[in-house]
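Here, residue 1 is the first one in the sequence, and each next residue gets the next number.
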Amino acid sequence: MQITLINAFKNATVNPLQTLQNYGQSVWLDYIRRSLITSGELQRLVDEDGLRGVTSNPAIFEKAIAGSTDYNDALIALEQQQDMDAMSLYEQLAISDIQDTADVLRPVYEQTKKRDGYVSLEVSPYLAHDTQGTIAEARRLWQVVGRENVMIKVPATPAGIPAIEQLISEGINVNVTLLFSQETYELVANAYISGLEAFAAQGGDVSKVASVASFFISRIDTAIDAIATARVKTATSASEEASLRTVIGKVAIANAKLTYQRYQEIYQSAQWQALAGKGAQTQRLLWASTSTKNPLYRDVLYVEELIGADTVNTIPPATFEAFRDRGQPRASLKEHLEEAHDIMETLSRVNISMQDVTKQLLTEGVQLFIEAFDKLLSAVEKKREAVLGTDLDRQSYYLPDDLAKSVQASLKDWLVNGKVRRLWAQDASLWTSTDENRWLGWLGITEDQLAHIDHLKKLAEEVKSEGFKHALLLGMGGSSLCPEVMKLTFGKILGYPELQVLDSTDPDQIKAVENKVDLTNTLFIVSSKSGGTLEPNIFKQYFFDRVQQVLGAEEASKRFIAITDPGSKLQQVAESDGFRDIFFGLPSIGGRYSALSHFGLVPAAIMGVDVAKFLDYTEEMVHSCAATVPASDNPGVVLGTILGVLANQGRDKVTLITSPGISDLGAWLEQLLAESTGKDGKGLIPIDQEPLGKPLVYGSDRLFVYVRLESDPDPNQDAAVDALEQAGQPIVRILIRDPYQLGQEFFRWEIATAVAGSIIGINAFNQPDVEASKIATRQLTSEYEQTGAFPAETPILAENGIQLFTDQKNAAALFEATGDRSLFGYLRAHLDRIQVSDYFALLAYVEMNDPHQAQLQAIRQAIRDAKQVATCLGFGPRFLHSTGQAYKGGPNTGVFLQITCDSTVDLPVPGQKYSFGVVKAAQARGDFQVLAERSRRALRVHLGSDVQTGLTTLQTAIKQVLL
Ligand SMILES: O=C(CO)[C@@H](O)[C@H](O)[C@H](O)[C@H](O)COP(=O)(O)O
Ligand SMILES: O=C[C@H](O)COP(=O)(O)O
């Protein structure tokens, strides 16, 4: 509301606002807004109305910033200079208002010898129950505002009171807010006095410290009147009814008058006199919440009735004008004290507890400020997003009504319970209260990387100038999937080595990758967080040996770098082999959350991606997902809530549709979603690269997420997704303008996964069932080392070069289901086990190449269309480090067909008896063993050495089964 000045000359002799000074009361304004300052209105209020101070609070700033256009230009200018999160933007705007107001009030501060002339800025209401957080925030604001005549507002909560004492002891001016009860007032006055004593003891000049105790008025009447009015209706006697009527509209003022009595006693005490002797100022009572809320009350009631020496009344604009117009000042505060006592006694006689009411008002007061702040930050975030435009990946969603309602309810829960802030504060109780707090280092990684970007730039320049033709990354899962996304998205960048990724023990695939690189001119990147994973270690042994053969031992070392966590076995190996460089990861980041750490960025820099630019874009999403961005405006939280809520309602098949230019993103997402959430019999089942179909081939267990690259969209995908939406399927749409914005997706989905994990109720940062197959594989390989063979196994069928294997339980189920002991019969029995809302997964331990993919995709599609179930395709062993977790630990709704083969070539692992072929076989068997142990429905098809023919036979048989 704009303060309009009435014609002061009409009332030239008596301005009631000015008259308040004669009674020793200072009038402050409970309002701030940029145009008030810039228009000169604030100065006029000082000059003509005797205004001596200004107070702000989150609700006032919410109205100013969200409810006006005053700040739009400043916000646009700030955001265009540098992207910031909503909280930082708000703070810049608010602090500049506070500084300007302080400057207008500075002469008052000087004329009144530091008694008046203050403007107040409140600490974040999110910290109302956090003593240390409040202290740190108040110190910071005090520093940043940098004006003597500012007061930092701290609420009088149990956590706020020790903070007040500490801040006063540091010489910081404090306005104590949200005071309702006389008891709390005493605690606050004591905190002030103790704080001043501590400040004096350290040699501080106490005359420079100022404080007010903001005692809330109108809310007391609002609360008591409501109770008393309700009780009048149920009163059991005339005297009870009379008593109740006596307190209506009277308690707020009585409460304030009696508190003022305590003020006078406290500041006459000997303890205080000692401080007063040193020049200390009393902590004045400041009447806050002084507009009347009941229209039947005189609009200036809470000004007129509370006038007394050494007090402040902070008045909102309408009341300010009303008082100027018709206020009738008198020394009211010391009047009718007996009556005030009587009112409070009557209140207790009718069993209305001031203690309960004021406690409730404090709780509500904090909550109201939190809600105002949420609203404010939400508005700022929307304005920020409008400035960013398509620089920020956009997200929208369509959900059928019932699902939309559940999602909204969950978002509300995240908002009301401050869960976004708890996530950023690394609060393990959002998940299972085990060790989740140790795994959230990724939250701050982009900022960290940007702060130390030079070594990545240097690395990129070095590999460029040395003219490497290729870079070969050796790693698994979290250490290989992000580099693979980068490789497939950015391709070969001129002047930089072409990146290749090896994440398979399949000898044919290793050979194929080896053939793609020039061993004499390749930089090898051995990437393993733990440094103990079998595959990257044996890849390193193999290629280190190969390069040594070609270039000699000394030269080979110069061609290898390692990315690993500090202290790992890989670090030791890299050091003893004299690798050219080691890049370290952060132990507080698990593999699948490591894309924006060195595990993603070192390979990206080597292949020529401008990592600074990539991270700058990513930061925009980090800011959008910040702790203070309310849940419904926070893109990561919104996505995670949809994922989690829908999973809990049976829509756990997250079907990923990605534009061709970024199609590999799905492989990275598969790992993130499945490994993070698929455990304890719950979780998300990612469905990646499933050929798109018409709506009727999908069940009601799906959520579709369409990640569309706007620079290169696929019209078929657009049409298919539109049709799905029309058919009522839930869809999330994410729009990416430029591949450089892919980092935004890494971050959005990491937040989303953490949120979904919380909603599903699991630990989103461990992978217990991946460990189980690693153990099974290790047992099998060590048995092979000792005996030269695996334990014997007997197929349940051998037909046309194809063998079928399974465990006893699955075999029994198949035998019971069919008397037809043929490939056709077993396949039919196995596929018949697929029920509605199950999913079918092909686990293919064959070389991952185009022809194999095409055949496997065709099998998958045929099953999806015939059974209307979600289908997955994983290549072994890479999926073991990814979706393998959910297949074993997630819901028992998967039906698995494992496909193994004999490789045409085998490759030795230098220094080991076992070969790559042996490792791959052990991995497949270990995988199957754990699936069987977890009572999963699984069958293994062994194709022999002619994979192509074997796959054709399998495809034909399955087609027949599905007919
Ligand atoms: O606490 C101070 C000043 O120190 C005030 O800004 C205080 O927050 C406001 O007076 C109240 O929030 C206004 O409350 P109400 O009139 O909306 O009940
Ligand atoms: O996703 C993680 C893989 O299991 C690889 O782990 P690592 O980076 O410790 O080798």
Side-chain angles (χ1 to χ4, degrees), residues 28-34 36-38 42 51-66 70-71 74-75 78 84 86-106 108-109 114 116-128 130 133-157 160 163-164 166-168 170-179 208-214 283-284 286 288-289 312 314 316 365-366 368-370 372-377 380 628:
W28 290 10
L29 181 69
D30 205 13
Y31 179 79
I32 207 165
R33 183 162 151 182
R34 185 150 294 187
L36 177 79
I37 312 161
T38 51
L42 181 64
L51 182 74
R52 289 180 158 197
V54 169
T55 51
S56 72
N57 64 37
I60 289 172
F61 268 118
E62 189 272 315
K63 284 196 193 82
I65 298 177
D70 281 18
Y71 297 81
L75 193 146
L78 279 171
M84 287 177 240
M87 179 73 177
S88 311
L89 276 169
Y90 147 74
E91 230 183 70
Q92 296 257 358
L93 299 173
I95 283 173
S96 140
D97 279 4
I98 295 290
Q99 288 171 329
D100 293 347
T101 304
D103 294 345
V104 172
L105 293 171
R106 180 80 195 193
V108 178
Y109 175 71
K114 304 186 172 47
D116 276 305
Y118 293 93
V119 55
S120 298
L121 175 63
E122 192 152 335
V123 295
S124 156
Y126 302 140
L127 298 168
D130 174 356
T134 298
I135 293 171
E137 170 95 330
R139 281 181 188 144
R140 190 178 62 78
L141 292 174
W142 175 252
Q143 284 297 326
V144 180
V145 175
R147 301 289 192 277
E148 279 176 32
N149 58 327
V150 75
M151 284 187 177
I152 306 299
K153 280 178 81 180
V154 175
T157 53
I164 292 160
Q166 178 61 34
L167 293 165
I168 293 292
E170 295 175 19
I172 295 175
N173 299 332
V174 178
N175 173 343
V176 183
T177 189
L178 289 178
L179 257 168
K208 288 193 171 152
V209 186
S211 182
V212 288
S214 294
Q283 180 192 51
R284 282 178 295 174
L286 172 149
S289 178
V312 181
T314 194
V366 169
L368 283 171
F369 281 158
I370 288 179
F373 216 45
D374 287 343
K375 240 167 115 183
L376 165 63
L377 293 173
V380 173
T628 47

Considering non-hydrogen atoms only, spot the tightest contact between [X] and [Y] and give its length.
| X | Y | answer |
| --- | --- | --- |
| Glu148 | Trp142 | O-CH2, 4.0 Å |
| Phe61 | Leu376 | O-CD1, 3.7 Å |
| Phe373 | Ser124 | CE2-OG, 3.9 Å |

Residue list, salt bridge (Lys or Arg N to Asp or Glu O under 4.0 Å) with Asp97, at least two apart or on another chain:
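Result, salt bridge (Lys or Arg N to Asp or Glu O under 4.0 Å) vs Asp97: Arg34.
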Taking salt bridge (Lys or Arg N to Asp or Glu O under 4.0 Å) as the definition, give me every residue that meets it alongside Arg139, ordered by chain and number, with sequence neighbours left out.
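With neighbours one apart ignored, the set is Glu170.
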Not counting sequence neighbours, which residues clear ring pair (Phe, Tyr, Trp, His ring centres under 6.0 Å) with Tyr71? List them please.
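None.
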Donor-acceptor contact below 3.5 Å, side chain [X] vs main chain [Y]:
| X | Y | answer |
| --- | --- | --- |
| Gln99 | Val145 | yes |
| Ser211 | Val174 | yes |
| Asp116 | Gly53 | no |

Residue among Asp374, Val380, Leu377 satisfying side-chain contact (heavy atoms from CB on, under 4.5 Å) with Thr628
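Only one of Asp374, Val380, Leu377 forms a side-chain contact (heavy atoms from CB on, under 4.5 Å) with Thr628, namely Leu377.
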Name the one of Asn175, Val212, Leu178 that satisfies side-chain contact (heavy atoms from CB on, under 4.5 Å) with Lys153?
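Of the listed options, the one satisfying the test is Asn175.
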Flag side-chain contact, heavy atom, 4.5 Å: [X] against [Y]:
| X | Y | answer |
| --- | --- | --- |
| Leu368 | Pro58 | no |
| Thr134 | Thr157 | no |
| Leu179 | Ser214 | no |
| Ile98 | Ile32 | yes |
| Tyr90 | Met84 | no |
| Tyr109 | Val119 | no |

Could you label the plane-to-plane angle of the Tyr118 and Trp28 rings as parallel, tilted or perpendicular, counting under 30° as parallel and over 60° as perpendicular?
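Rings of Tyr118 and Trp28: tilted, as their planes differ by 30° to 60°.
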Reported [atom1]-to-[atom2] distance for the pair [X] and [Y], which is rounded to 0.5 angstrom:
| X | Y | atom1 | atom2 | value |
| --- | --- | --- | --- | --- |
| Arg147 | Thr101 | CZ | OG1 | 10.0 Å |
| Glu137 | Leu127 | CD | CG | 5.5 Å |
| Leu105 | Leu51 | CG | CG | 6.5 Å |
| Ile60 | Tyr31 | CD1 | OH | 9.5 Å |
| Leu75 | Leu93 | CG | CG | 5.5 Å |
| Leu121 | Ile152 | CG | CD1 | 5.5 Å |

Begin from the C-alpha positions of Val154 and Ile135 and carry the test side-chain contact (heavy atoms from CB on, under 4.5 Å) through to its verdict.
CA-CA 9 Å; Val154 175; Ile135 293 171; over 6 Å; no
Should the heavy atoms of other residues, nucleotides or ligands under 6.0 Å from NZ of Lys63 be counted, would the total exceed 12?
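12 or below, so no.
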